[in-house]
Every structure is written in C-alpha cells, then in structure tokens.
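For reference, the structure discussed in these notes is given below.
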Amino acid sequence: FIKMDTQSSQISSSQGFTDGQNSAAKESKLSDSFLSSSPVSLIQSPQVNDLIHWRDPKKSGVVFGLSLLLLLSLAAFSVISVVSYLLLALLCVTITFRIYKSVVQAVQKSSEGHPFKELIEKDVSIPPETFRKHVDTSLTHINRALKQMSRLFLVEDLVDSLKLAVVMWMLTYVGAVFNGITILILADILLFAVPPVYEKNKTQIDHYIDLVRTQVNNTIAKLQEKLPGAMKRSKTE
C-alpha cells in the first residue's frame, strides 16, 4: 500500500508538472503571437523600418508628406469633410481619365474597352481565413487589455497601479496643452525625424538612456522597499 501511494503521488506530481509546462507553453505562444501582431512589430518590419530611416528618400518623403498633409487636414476640417474631399478628388481623377480614354478611342476608332477593366475584374474580396485571423488577433488584444485593466484598476500590484496613476496625472497636463490630432502630428514628425538622428548618434544617446534607466530603476527600487505590497511581491518572487 505504501508503494502504491508513493507511485500515485509521483504520477500526480508528474502530471501536475506536465500541465504546468503545457500552460506555460500556451502563455508563451499567446504572448509571442501578441507581440508579433503588435504595433511595435509593425514599426520593426523591414518596409516600415526602411521608410522611417529614409533608405529611399523619395518614397519616405512621399509617405511623410501625405501622412502629415492628412493629419493637418484633420486638424483644420472635420473627418467627414476630409473623407468627402478625398473621395471626391478620387472620383474626379477616375471620371476624367475614363472620359479622356473614351475620346481617344473614338478619335482613333480603337476598341480597347474600359480603361479600368483589369482593376474591375480583379478580386477584391477578403478571404474568410484572413478575416478570421484578424478577428482572432483583435480578440487577443482585447483580452490582454481587459486583463491588464482589471489588474491595474483593482490594484493587484500597488507599484504598477501607482505608475499608472502618475502617467494619467501627467497626461492631464498634456491634454490641457495638446489635443489628439496635435499629438498625432508630433508623433508623425518624430517617427520620421528621430530614427535618422538616433542612427547617427547612437553611442551618445544610448549612454544617456542607460543613465536615465539606471536612475529610474533605483528610484523604483527605493519606492518598492517602502511599499508593503511591493515587499510582499518581492518575497514571493
């Protein structure tokens, strides 16, 4: 009986260890999929990386100019007006081109057909697999955001909740000076201006970033020593 009890306990412990490994693997896969589909991974993609580092100045200039023009238009006009003007401009271009090609075909007595025939016949429908993939990715983002919100607002970790409170307090001052469109315009300018500057002065900037990170980590460590919740968490770790 003692041998059977020990064997059953070993089997149950091994099963528990296996379940723990499986759950850890599932969590790591979930986090990897989240990171691979996050906006950070989008910025780190080769195409976007080449754009913001101005590998091709013409292409980067066109993208930066169009994005800045769109944001400035949204700052001056409403979203409905901007969308309406963009669609109206597109319609003017396509209608003018269609009339021009029709006149040319009538003068030359050619039968080339519709000028946008290839585009009309092109399949623009979204495959169900692609739609499901994006829905699953969005659901992963939503679930992760809800989990983080419940953890922060229900004060599971006192230090993290205090960090959020400080950030929200700072954003109240930012919101008093800038609106959302202004922040997006500044972000667009910084997105295309900072990477080239950082690439040229990488060593000096990294040095100052390390100094700031060390100072922040020391300050957080001192706060964690004085907070009971943080002490409890460090003991459990």
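Everything numeric here is computed off the predicted structure, so don't read it as measured data.
The structure places CG of Asp50 at 7.5 Å from CD of Gln47, a figure rounded to the nearest 0.5 Å. Taking NE2 from His114 and CG from Leu119, the interatomic distance works out to 10.0 Å, rounded to the nearest 0.5 Å. Remark: Glu199 CD to Ile205 CD1 distance equals 11.0 Å, nearest 0.5 Å. Atom CG of Asp160 and atom CZ of Arg151 lie 4.5 Å apart (nearest 0.5 Å). Here the CD1-CG distance, from Ile189 to Leu71, works out to 9.0 Å after rounding to the nearest 0.5 Å. Taking CD1 from Ile209 and OG1 from Thr214, the interatomic distance works out to 11.5 Å, rounded to the nearest 0.5 Å.
In the displayed structure, Glu118 atom CD is contacted under 6.0 Å by at most 12 heavy atoms of other residues, nucleotides or ligands. Other residues, nucleotides and ligands place no more than 12 heavy atoms under 6.0 Å from the CD1 atom of Ile80. Counting non-hydrogen atoms of neighbouring residues, nucleotides and ligands closer than 6.0 angstrom, the CD1 atom of Ile126 reaches no more than 12 such neighbours.
Linking ILVMFWY residues whenever their side-chain heavy atoms come closer than 4.5 Å, directly or via other members, leaves Leu190 and Leu68 in distinct clusters. Met149 and Leu152 fall within the same hydrophobic cluster, where Ile, Leu, Val, Met, Phe, Trp and Tyr residues are linked whenever their side-chain heavy atoms come under 4.5 Å apart, directly or through other members. Two different hydrophobic clusters hold Val194 and Val197 under the rule that ILVMFWY side chains link at heavy-atom gaps under 4.5 Å. Hydrophobic clustering of Ile, Leu, Val, Met, Phe, Trp and Tyr side chains at less than 4.5 Å, counting indirect connections, keeps Val62 apart from Phe64. Connection of Val79 to Leu86 is established within a shared hydrophobic cluster, with ILVMFWY side chains joined at heavy-atom distances below 4.5 Å, either directly or through further cluster members.
Residues passing the side-chain hydrogen bond (donor to acceptor under 3.5 Å, both in side chains) test with Glu156, sequence neighbours excluded: none. With sequence neighbours left out, Val63 forms a side-chain contact (heavy atoms from CB on, under 4.5 Å) with Leu51, Phe192. Among residues two or more places apart in sequence or in another chain, the side-chain contact (heavy atoms from CB on, under 4.5 Å) test is passed with Pro127 by Glu129, Thr130. By the side-chain hydrogen bond (donor to acceptor under 3.5 Å, both in side chains) test, Ser161 is found to be paired with no residue, residues two or more places apart in sequence or in another chain being considered. For His53, the side-chain hydrogen bond (donor to acceptor under 3.5 Å, both in side chains) criterion is met by Asn49, not counting sequence neighbours. Among residues two or more places apart in sequence or in another chain, the side-chain hydrogen bond (donor to acceptor under 3.5 Å, both in side chains) test is passed with Asp123 by Ser125.
Listed by first and then second residue, the ring pair (Phe, Tyr, Trp, His ring centres under 6.0 Å) pairs that reach into residues 79-105 are Phe97-Phe116, sequence neighbours excluded. Residue pairs that meet the salt bridge (Lys or Arg N to Asp or Glu O under 4.0 Å) test with at least one member in residues 85-111, sequence neighbours left out, are Lys101-Glu112. Applying the salt bridge (Lys or Arg N to Asp or Glu O under 4.0 Å) test to residues at least two apart or on different chains, the pairs with a partner in residues 201-212 are Lys202-Asp206, Asp210-Arg213. Sorted by first and then second residue, the ring pair (Phe, Tyr, Trp, His ring centres under 6.0 Å) pairs involving residues 196-220 (not counting sequence neighbours) form an empty list. Within the structure, every pair that satisfies the side chain to side chain donor-acceptor pair (under 3.5 Å) test and touches residues 63-82, not counting sequence neighbours, is listed here: Ser67-Asp188, Ser78-Ser81.
For the pairing with Leu70, the side chain to side chain contact (heavy atoms under 4.5 Å, CB included) check across Leu184, Val82, Ile185 returns one residue only, Val82.
A distance-only check finds a donor-acceptor pair linking the side chain of Asn179 to the backbone of Thr182 [under 3.5 Å]. No donor-acceptor pair closer than 3.5 Å links the side chain of Ser60 to the backbone N or O of Pro57.
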Which atom pairs, one a donor and one an acceptor, fall under 3.5 Å between side chains of residues 163-175 and the rest of the protein, sequence neighbours left out?
from: Thr172; atom 1: OG1; to: Trp169; atom 2: O; distance (Å): 2.3

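Put simply, the side chain of Val155 reaches to within 4.5 Å of the side chain of Leu158, judged on heavy atoms.
Nearest heavy-atom pair, Gly61 versus Trp54, reported as atom, atom and distance to 0.1 Å: N-CZ3, 3.6 Å.
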